[in-house]
Amino acid sequence: MADDGRNQGRRPDPDALLALADKDRRGKLTVFLGMAPGVGKTYAMLSRARRLKADGVDIVVGLVETHGRSETAALLEGLEVLPRSRMAHRGRMLDAFDLDGALARRPKIIIVDELAFSNPEGSRHPKRHQDIAELIEAGINVWTALNIQHLESLADLVADITGVSVRERVPDTVLSRADEVLLVDLPPSELLERLKEGKVYLPDNAARATDRFFRLGNLTALRELALRRTADRVDDQMVDYLRQNAIEGPWAAGERLLVCVGPDELSEKVVRAASRLASGLNAAWIVVSIERADQATATRAGLERIDQIFHLAEQLGAETRHVIGADFVEEILKLARREHATQIVIGARPRSLWRRFVSPSLPDALARRAGGLSLHLVTAEGEAVAAGPRPKPLSWRSSRLRRAAWVAPGLVAVTTGIGVGIDRLMHLPNISLLYLVAVLCAAVTGGYTAALLAAALSALAYNFFFIAPLYTFTIASPHEVFAVLAFLAVAVIAGGFASRIQRQSETAQVRATALQSLYEFSRKLAGTGKSDDAIWATVSQLQASLRRNVVLMVPEADELRLAAAWPPDAELDVTDMAAARWTHGKREKAGQGTGTLPNSRFEFRPLLGPNGVVGVCGVETAGAVLDLHEERVLAAILDQTTLALDRARLLKESVAQAARLEGERYREALLSSLSHDLKTPLATITGAVTSLRELGGRMDAESRDDLLQSIEEEGSRLNRFVANLLDMTRVEAGTLKPSQDWVDVADVVQSAVERIRRQAPGHAIETGIAADLPLIEADGVLLGQVLFNLLDNAVKYGGDSPVHVYARRDGQAVLISVTDLGRGIPSEDLERIFEKFYRRTKGDGRAPGTGLGLSIARGFVEAMNGTIHAESPAIRKKGTRIVIRLPLPDETRRKEE
């Protein structure tokens with residue numbers, strides 16, 4: 001088929017390609033969708049399964065409920081049915097789907113009936129659709145069945161149509177992610193006929209179902225819902241195909257909904273209505289809740305209600321946001337512009353004409369300022385639903401009323417006494433200002449209720465004590481009536497402002513305290529580079545902030561290790577560990593309050609770093625979910641902890657990398673030494689041996705002796721090099737164990753000097769040994785090797801000047817120094833000369849030796865409990881002195897004492 005060029009230059013949608021790649025990795029989900037029980041979903045599944053089984057496909061039945069229908073049960077013959085697991089539930093044993101058995105069997109296709117079913121308590125997942133999700137994630141294809149009334153977004157609509165509230169519900173995302181949706185349809189009249197014939201329920205149950213759910217109108221409406229949802233699913237699949245293949249399509253791209261909710265009953269209906277609207281438009285949608293910046297959310301019940309609404313929205317496939325701001329309309333429009341929303345969905349309730357005049361509603365304000373955005377209003381049926389949690393009526397048990405009952409009268413009484421006293425001393429025409437101060441004080445100490453009560457009492461007291469006729473509530477002059485009313489209005493307004501400022505101050509104080517706590521915690525984490533310190537700091541901070549038991553686990557060799565807990569003696573049982581491992585392996589929440597192992601005492605959350613899970617945090621909820629404030633605190637602390645643990649990991653890896661680089665440098669230095677210090681003597685030996693073999697008979701005796709002497713010298717050189725390597729290996733391996741014998745330092749020095757003179761016969765070496773030098777406990781062989789290495793270095797780098805060796809006593813130690821008068825060593829290199837393979841170049845640029853002599857010397861001296869260091873310049877601003885300090889034995893000290 002020739003390309004007409006319309007799609008040239010267009011690229012497939014990246015998101016669509018990523019979704020396609022994800023589907024190729026996972027198993028496939030096929031949903032047999034029906035309008036109601038009895039339409040034949042299970043029958044259709046098993047019939048199709050038998051055909052595939054006959055074609056040799058590996059298909060098994062994990063779980064099928066026949067509900068006593070003989071024709072359905074007959075289809076199970078010839079199919080492999082996996083055994084069910086037995087679970088104890090409320091004193092009786094139940095048959096349950098064996099998820100682990102299905103994962104172990106791992107067929108190509110497995111049939112798991114009744115998608116909306118709830119598992120028995122104690123199962124890994126509370127819902128069957130979560131079992132199916134795990135099977136799909138393992139790469140197993142799943143067939144299942146679902147009735148349309150079990151979709152979460154249709155729950156309120158189905159209840160309105162049928163009058164029956166469906167308890168078992170499935171998130172709409174399960175159906176939207178299905179790879180294939182097969183509609184099993186049956187005319188409502190035929191379904192009612194099957195019901196009367198007893199092919200759906202037993203006679204008694206069938207009669208009750210006909211009276212309540214199975215009515216012609218109900219079934220017709222449910223059938224329409226099933227057909228519409230299937231059509232929407234087919235349309236979604238078509239759009240995905242067009243986008244994956246970069247084909248121009250007629251779809252309306254770019255639709256995005258912004259749904260506004262609050263802690264009220266209407267918000268749940270708003271979310272369900274928005275879900276249906278988003279499904280029909282194939283649009284993404286965001287659910288947002290806005291909290292005032294100057295005050296906290298009213299009650300804990302309100303916070304829990306927001307949590308429930310957000311959880312419902314996430315189940316239906318929405319994103320959730322929580323925004324803090326002072327102007328609700330401005331914050332909604334700002335978020336809509338930032339998220340490129342095209343439509344706003346919000347709940348609206350009937351309002352009286354007076355309330356409309358006094359304060360416009362949020363939908364009205366949005367309609368005036370939306371500026372091109374579509375606005376959808378979802379209204380409440382029957383009695384109006386308040387826009388927020390209704391305040392409880394004041395009663396004497398209310399703390400606000402009790403405080404106002406003694407604060408307001410007390411302040412008014414004190415103010416009246418002060419006013420009467422002042423009035424007797426002097427006449428003040430504006431004495432009412434004192435009562436205004438009382439109202440403000442009442443607002444600050446007792447809130448708005450106390451302010452209102454104080455304003456009313458102040459008006460009465462001012463009238464009674466200061467407006468003629470005195471000591472009556474009668475007002476003689478009309479202007480005094482106006483003064484009292486004006487005073488009352490000013491007092492109410494001022495009291496309202498004062499109480500509001502007080503609430504804002506309290507809210508700001510709470511938030512500032514939380515912010516300061518997080519700031520101090522982040523500083524504490526920033527100052528530590530060890531993961532253990534960060535872990536214990538995190539556990540302490542979480543316990544102090546949430547007042548709950550906390551555990552923190554870290555991966556170690558593909559297993560989880562309990563790194564810290566509060567209380568410190570906390571232990572995890574089998575269920576807790578299973579939930580923690582699930583969180584680590586699946587990178588998702590598990591445990592209490594989640595869809596995986598909810599019987600665990602803890603809610604586990606993964607700490608996701610750039611390179612995977614760096615830890616798992618468990619918070620003991622004890623059945624009480626975290627409110628929004630606690631969620632924010634927990635998220636902030638875990639984010640900081642993740643960064644700290646990842647930083648500690650990087651620091652550890654950088655140290656290991658530095659060690660590897662250092663090892664690589666040593667390896668290169670060793671290879672360089674081997675290539676030079678082995679090649680040169682070997683070449684000399686090989687040349688001498690070759691000359692002796694080929695020309696030995698024609699050489700005179702002196703020439704042969706010279707060649708043999710060269711062979712001997714180079715062989716000794718090789719022997720020293722190999723000995724140095726072996727000594728260095730012993731020092732690094734920690735296997736060097738020097739003997740503790742009585743050693744005469746003078747003898748060791750003389751022996752080392754004689755040995756170096758044989759190697760360098762023309763070099764002057766001067767010695768100076770104190771006469772009263774005591775014996776020391778040391779290894780004479782090692783000490784002699786140290787002195788020989790020092791003398792060898794001094795000869796190599798000291799030029800033609802003589803080398804000086806001195807030995808003397810210094811307090812409770814013996815000092816041995818070797819000094820040359822060469823170029824000296826820069827101060828920054830005085831420690832480096834003791835490193836392995838470090839070599840200083842001579843004046844001609846060459847670096848003689850292997851760079852092991854001084855490193856071996858330090859290892860030997862420290863093994864004998866001594867110290868060694870370098871000094872440069874040593875004499876007259878040139879030269880180098882190496883000083884060895886060996887302690888005197890305890891016995892010598894005791895004798896002297």
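Across every non-hydrogen atom of Ala579 and Phe604, the tightest pair is CB-CD1, 3.7 Å. The shortest non-hydrogen separation linking Thr173 to Glu314 is CG2-O, 4.4 Å. Closest approach of Asp172 and Glu152 over heavy atoms only: OD1-N, 3.4 Å. Taking each heavy atom of Cys260 and Ile344 in turn, the nearest pair found is SG-CG2, 4.1 Å. Heavy atoms only, all atoms of each residue included: Thr575 and Leu597 are closest at O-CD1, 4.3 Å. In terms of heavy atoms, Ala365 sits closest to Val329 at CB-CG2, 3.5 Å.
Annotation: side chain of Thr583 is not in contact with side chain of Met553 (no heavy-atom distance under 4.5 Å). In this structure the side chain of Arg548 never reaches within 4.5 angstrom of the side chain of Trp566, judged on heavy atoms. Taking the side chain as every heavy atom from C-beta outward, Thr641 and Val614 never approach each other to under 4.5 Å. A 4.5 Å side-chain heavy-atom check between Leu335 and Ile290 finds every atom pair outside the cut-off. Using a 4.5 Å heavy-atom cutoff, the side chains of Val287 and Leu312 are not in contact. Residues Leu257 and His376 fail the side-chain proximity criterion, which asks for heavy atoms closer than 4.5 Å. With a 4.5 Å cut-off on side-chain heavy atoms, Leu608 and Thr642 do not count as touching. Counting only heavy atoms from C-beta outward, the side chains of Ile286 and Arg256 approach each other to under 4.5 Å.
For Arg587 (side chain) and Pro606 (main-chain N/O), no donor-acceptor pair under 3.5 Å exists by modelled atom type.
Once rounded to the nearest 0.5 Å, the distance linking CG of Leu542 with CG of Leu552 reads 8.0 Å. Rounded to the nearest 0.5 Å, atoms CG (Leu154) and CG (Asp160) are 11.5 Å apart. In this structure, CG on Leu638 lies 10.5 Å from CD on Gln640, to the nearest 0.5 angstrom. Summarising the geometry, atom NZ belonging to Lys589 is positioned 11.0 Å from atom OG1 belonging to Thr596; distances are rounded to the nearest 0.5 Å. To the nearest 0.5 Å, atom CG of residue Asp533 and atom OG1 of residue Thr538 are 10.5 Å apart. With rounding to the nearest 0.5 angstrom, the CG atom of Leu634 is 11.5 Å from the CD atom of Gln541.
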Could you go step by step and tell me if Val271 and Trp285 meet the side-chain contact (heavy atoms from CB on, under 4.5 Å) rule? CA-CA 10 Å; Val271 169; Trp285 55 302; 4.1 Å; yes
Does the side-chain contact (heavy atoms from CB on, under 4.5 Å) test come out yes or no for Val550 and Cys617, once each step is laid out? CA-CA 7 Å; Val550 180; Cys617 178; 4.1 Å; yes
Does the pair Ile535 and Leu645 meet the rule for a side-chain contact (heavy atoms from CB on, under 4.5 Å), with working shown? CA-CA 8 Å; Ile535 288 170; Leu645 293 179; 3.8 Å; yes
Derivation of the side-chain contact (heavy atoms from CB on, under 4.5 Å) call for Glu268 and Arg305: CA-CA 10 Å; Glu268 183 174 338; Arg305 183 64 182 164; 3.3 Å; yes
Could you walk me through whether Glu331 and Arg321 pass the salt bridge (charged side-chain N to carboxylate O under 4.0 Å, His left out) test, one step at a time? CA-CA 12 Å; Glu331 294 298 333; Arg321 302 283 176 83; over 6 Å; no
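Counting only residues at least two apart or on different chains, no ring-ring contact (aromatic ring centres under 6.0 Å, His included) pair has a member in residues 528-552. Applying the salt bridge (charged side-chain N to carboxylate O under 4.0 Å, His left out) test to residues at least two apart or on different chains, the pairs with a partner in residues 365-378 are Asp327-Arg369, Glu330-Arg369.
Just one residue in the list Asp576, Thr594, Asp573 forms a side-chain hydrogen bond (donor to acceptor under 3.5 Å, both in side chains) with Ser600, and that residue is Asp576. Of the options Val270, Leu366, Val378, a side-chain contact (heavy atoms from CB on, under 4.5 Å) to Ile346 is made by Leu366 and by none of the others.
Side-chain contact annotation: Ser118 with Glu168, donor-acceptor N/O pair under 3.5 Å present. Judged purely by distance below 3.5 Å, without hydrogens or angles, the side chains of Ser267 and Asp264 pair a donor atom with an acceptor atom.
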